[in-house]
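Everything numeric in this text was worked out from a predicted model, so none of it was measured.
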Amino acid sequence: MPTYTPPAHAHQLYLNQLALYLRDSRLIHARWATYSHEHRDPDTGRPDDDVAYNRRQAQRDSDLLSAFGTVYYHADTLADAAQQQLDQLPDSEQTRHFAGQLRQLRTSTQQLYAVHRRWIDHRDALPDGPGGTAHEALLTESYAEARPHLDRWADHGQAVLDINALAREQSGPHTAPLAATREDQLNAAPATPPPAPRAASPTGRIR
């Protein structure tokens with residue numbers, strides 16, 4: 001099955017959203033590192049307050065998922081577009097490294113979609129509905145399950161931006177690597193997004 005190729009303007013938007021996630025994920029992890037350092041015993045590593053520490057850890061995971069929200073809708077498209085660009089670049093140690101990173105990103109994207117499907121199934125089966133204790137516990141569990149895949153995007157997502165930069169360099173500074181005419185851009189239908197998390201509430205939590 002052929003992969004969806006976004007029009008050039010949409011692809012640039014997706015890249016910008018990814019760049020924002022890479023920035024925000026660094027900030028979220030930096031804040032967590034500071035909190036963790038300040039609220040654990042330096043000798044044993046044990047939290048000063050287990051309940052508060054676990055709550056703050058869950059908030060970190062929630063913040064990461066919320067930060068990834070816009071990227072989530074197009075993560076598979078970004079990885080596919082990067083692969084198309086990579087296939088047009090000369091083979092080298094660098095491009096082979098990028099290929100490995102893209103494989104990890106595609107795997108993580110599918111795992112994130114699976115996490116969300118499980119969340120929907122389990123949420124609909126809850127006896128106490130939204131806002132109850134079981135609902136909150138399920139949210140925390142889903143955030144924690146998603147975090148390794150979000151971290152992989154934080155670790156390897158820069159490859160998508162770097163591949164795009166190389167593709168532009170190869171094709172010339174005024175040529176979009178994913179060529180699309182003006183008519184293509186106006187008429188192309190957007191990719192159908194996968195099941196996605198709902199918009200974050202003011203607390204940053206995705207319900």
Side-chain angles (χ1 to χ4, degrees), residues 14-40 45-47 50-83 86 96-126 134-163 193-201 203-207:
Y14 303 162
L15 292 171
N16 292 344
Q17 291 169 341
L18 174 59
L20 287 175
Y21 171 69
L22 297 180
R23 181 202 66 183
D24 290 347
S25 65
R26 288 193 294 268
L27 291 173
I28 291 167
H29 279 297
R31 293 186 187 119
W32 166 252
T34 299
Y35 175 89
S36 182
H37 176 74
E38 293 176 350
H39 293 82
R40 288 193 306 175
R46 291 185 59 84
D50 285 336
V51 173
Y53 191 88
N54 291 339
R55 185 182 300 118
R56 179 62 182 81
Q57 190 173 49
Q59 185 61 50
R60 174 205 60 189
D61 296 346
S62 171
D63 290 344
L64 281 171
L65 188 56
S66 294
F68 194 72
T70 54
V71 181
Y72 180 97
Y73 286 95
H74 311 291
D76 53 353
T77 300
L78 272 172
D80 287 343
Q83 186 64 58
L86 190 62
R96 288 191 293 273
H97 178 62
F98 284 151
Q101 291 179 299
L102 288 181
R103 284 193 295 272
Q104 293 190 60
L105 291 179
R106 283 194 293 269
T107 298
S108 288
T109 300
Q110 295 309 311
Q111 290 297 326
L112 283 169
Y113 297 160
V115 168
H116 184 66
R117 288 192 295 270
R118 285 193 293 274
W119 149 250
I120 294 295
D121 291 343
H122 294 161
R123 182 199 62 185
D124 292 346
L126 288 176
H135 181 265
E136 292 302 310
L138 182 59
L139 273 175
T140 299
E141 180 182 337
S142 295
Y143 295 151
E145 190 178 359
R147 184 174 60 81
H149 312 301
L150 298 171
D151 284 347
R152 192 164 290 115
W153 265 95
D155 292 339
H156 300 307
Q158 182 63 41
V160 174
L161 304 180
D162 292 344
I163 291 168
R198 297 180 55 187
S201 68
T203 62
R205 292 194 163 193
I206 293 176
R207 303 290 165 169

Participant: With sequence neighbours excluded, what pairs up with A114 under the side chain to side chain contact (heavy atoms under 4.5 Å, CB included) test?
Facilitator: R117, R118
Participant: So, taking the atom named OG in S25 and the one named CG in D151, what distance separates them when rounded to the nearest 0.5 Å?
Facilitator: 8.0 Å
Participant: Might you point out which heavy atoms bring S142 and V115 nearest each other, and give the distance in Å?
Facilitator: O-CG1, 3.9 Å
Participant: Check whether any side-chain heavy atom of R106 sits under 4.5 Å from a side-chain heavy atom of D80, and report yes or no.
Facilitator: yes
Participant: Say whether Y14 and T70, considering side chains only, have a donor N or O and an acceptor N or O under 3.5 Å apart.
Facilitator: no
Participant: Please name all residues satisfying salt bridge (Lys or Arg N to Asp or Glu O under 4.0 Å) with D162, sequence neighbours left out, ordered by chain then number.
Facilitator: none
Participant: Determine the minimum heavy-atom distance between A154 and L22, stating which atoms define it.
Facilitator: O-CD2, 3.7 Å
Participant: Between Q59 and D63, does any side-chain donor sit less than 3.5 Å from a side-chain acceptor?
Facilitator: yes
Participant: Taking all non-hydrogen atoms of both residues into account, name the closest pair between Y35 and A52 and its distance.
Facilitator: OH-O, 3.5 Å
Participant: Mind checking the CG-CG spacing from L105 to L112? Nearest 0.5 Å is all I need.
Facilitator: 10.5 Å
Participant: Can you find a heavy atom in the side chain of H116 that is under 4.5 Å from one in the side chain of Y72?
Facilitator: yes
Participant: Using the side chain to side chain contact (heavy atoms under 4.5 Å, CB included) criterion, which residues pair with A99? Sequence neighbours excluded.
Facilitator: L86, R103
Participant: Within a reach of under 6.0 Å around CZ of R46, are more than 12 heavy atoms found that belong to other residues, nucleotides or ligands?
Facilitator: no
Participant: I need the minimum non-hydrogen distance between S36 and Y53, along with the two atoms involved.
Facilitator: OG-OH, 2.8 Å
Participant: I need the H135 NE2 to T140 OG1 distance, nearest 0.5 Å.
Facilitator: 10.0 Å
Participant: Looking at R40 and G45, what are the two nearest heavy atoms and their distance?
Facilitator: CD-O, 3.1 Å
Participant: Do T109 and W153 have side-chain heavy atoms sitting under 4.5 Å apart?
Facilitator: yes
Participant: Compute the ring centroids of W32 and H39, then answer whether they are less than 6.0 Å apart.
Facilitator: no
Participant: With a 4.5 Å limit on heavy-atom distance, are the side chains of D24 and L64 in contact?
Facilitator: no
Participant: Quick one: list whatever passes salt bridge (Lys or Arg N to Asp or Glu O under 4.0 Å) with R60, sequence neighbours left out.
Facilitator: none
Participant: To the nearest 0.5 Å, how far apart are CD in Q158 and CZ in F98?
Facilitator: 8.5 Å
Participant: Side chains of Q111 and R152 only: does a donor on one sit below 3.5 Å from an acceptor on the other?
Facilitator: no
Participant: Kindly compute the distance separating CD (E145) from CG (D61), expressed to the nearest 0.5 Å.
Facilitator: 11.5 Å
Participant: Once rounded to the nearest 0.5 Å, what's the spacing between atom OG1 of T107 and atom CG of L102?
Facilitator: 10.5 Å
Participant: Listed by chain and number, what are the side chain to side chain contact (heavy atoms under 4.5 Å, CB included) partners of A134, not counting sequence neighbours?
Facilitator: L126, D128
Participant: Suppose we screen for ring-ring contact (aromatic ring centres under 6.0 Å, His included). Which residues come up paired with Y21, at least two apart in sequence or across chains?
Facilitator: F68
